[in-house]
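Have a look at the structure below before the remarks.
Any value given below was found using the heavy atoms of this structure, including those in side chains, with hydrogens, waters and symmetry copies removed.
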Amino acid sequence: MTCKEFEKLIPNFIEKKLDYLTLKDFYAHMETCEECKEELTINFLVKDGLQKLENGDAYDLHKEWNNKVGETKRKIARNEGIIQFGFWMEILAVGVIAGVAIWLMLP
């Protein structure tokens, strides 16, 4: 992912509108590019922070940012787990089908 692509996706990230693959690429880029991470943090502060402050709520940027990053990590890990589970279920299904086919061909 390029920095330009990353910047275009910032609003969708903040609003939780990125699909799994895009989110994974977005997060990987954020972890390796300090400039984009800083840009994201600023956008997050403006969007999320100002909204909460306007409502009269207290705002702790560090805590909110850590919550957002943690939520993203958990979402990626959960989806990775689902993909792994699906892969192993496919392997199991192929094994069962092969076993049944062999059993049916026995005299």
Are V94 and W103 connected into the same hydrophobic cluster when the rule is that any two of I, L, V, M, F, W, Y join if their side-chain heavy atoms are below 4.5 Å apart? no
When rounded to the nearest 0.5 angstrom, what distance separates NZ in K37 from CD in E35? 13.5 Å
side-chain contact (heavy atoms from CB on, under 4.5 Å) assessment of K73 paired with Y27: CA-CA 8 Å; K73 285 181 185 179; Y27 183 79; 2.5 Å; yes
Test of understanding: clusters of I, L, V, M, F, W, Y form through side-chain heavy atoms closer than 4.5 Å, transitively. Do I102 and V96 belong to the same one? no
Under 3.5 Å, is there a donor on one side chain and an acceptor on the other for E71 and N67? no
Identify the heavy atoms of L40 and M30 that sit nearest to each other, and give their distance. CD2-SD, 3.4 Å
Please check if L9 and L21 belong to a single hydrophobic cluster, counting links between Ile, Leu, Val, Met, Phe, Trp and Tyr side chain heavy atoms closer than 4.5 Å. yes
In this structure, SG of C3 is separated from NE2 of H29 (nearest 0.5 Å) by 3.5 Å
Does the side chain of K24 come within less than 4.5 Å of E80's, by heavy atoms? yes
So, for L18 and T22, which heavy atoms are closest and what is the spacing to 0.1 Å? CD2-CG2, 3.9 Å
Pair E64, F44 - check side-chain contact (heavy atoms from CB on, under 4.5 Å), show working. CA-CA 9 Å; E64 297 292 333; F44 180 74; 3.9 Å; yes
Working to the nearest 0.5 angstrom, can you tell me the gap between F87 CZ and L92 CG? 12.0 Å
Non-hydrogen side-chain atoms of W65 and V69 separated by less than 4.5 Å: yes
Spell out, yes or no, whether V100 and M105 are grouped together once hydrophobic residues are joined by side-chain heavy atoms under 4.5 Å, including indirect joins. no
Any idea which heavy atoms bring N43 and I10 closest together, and the distance? CB-CG2, 3.5 Å
Would you give the length of the straight line joining atom CD of E5 to atom SG of C36, rounded to the nearest 0.5 angstrom? 10.5 Å
What is the distance from atom OG1 of T41 to atom CD of E39, rounded to the nearest 0.5 Å? 9.0 Å
To the nearest 0.5 angstrom, please state how far the NZ atom of K47 sits from the CG atom of L45. 13.0 Å
I need the minimum non-hydrogen distance between D25 and M1, along with the two atoms involved. CB-CE, 3.9 Å
Lys NZ or Arg CZ of K68 over F13 ring: under 6.0 Å, within 45°: yes
Counting only heavy atoms not in E31 (residues, nucleotides, ligands), do more than 12 fall under 6.0 Å from its CD? yes
Whether E15 side chain and N12 backbone form a donor-acceptor pair below 3.5 Å: no
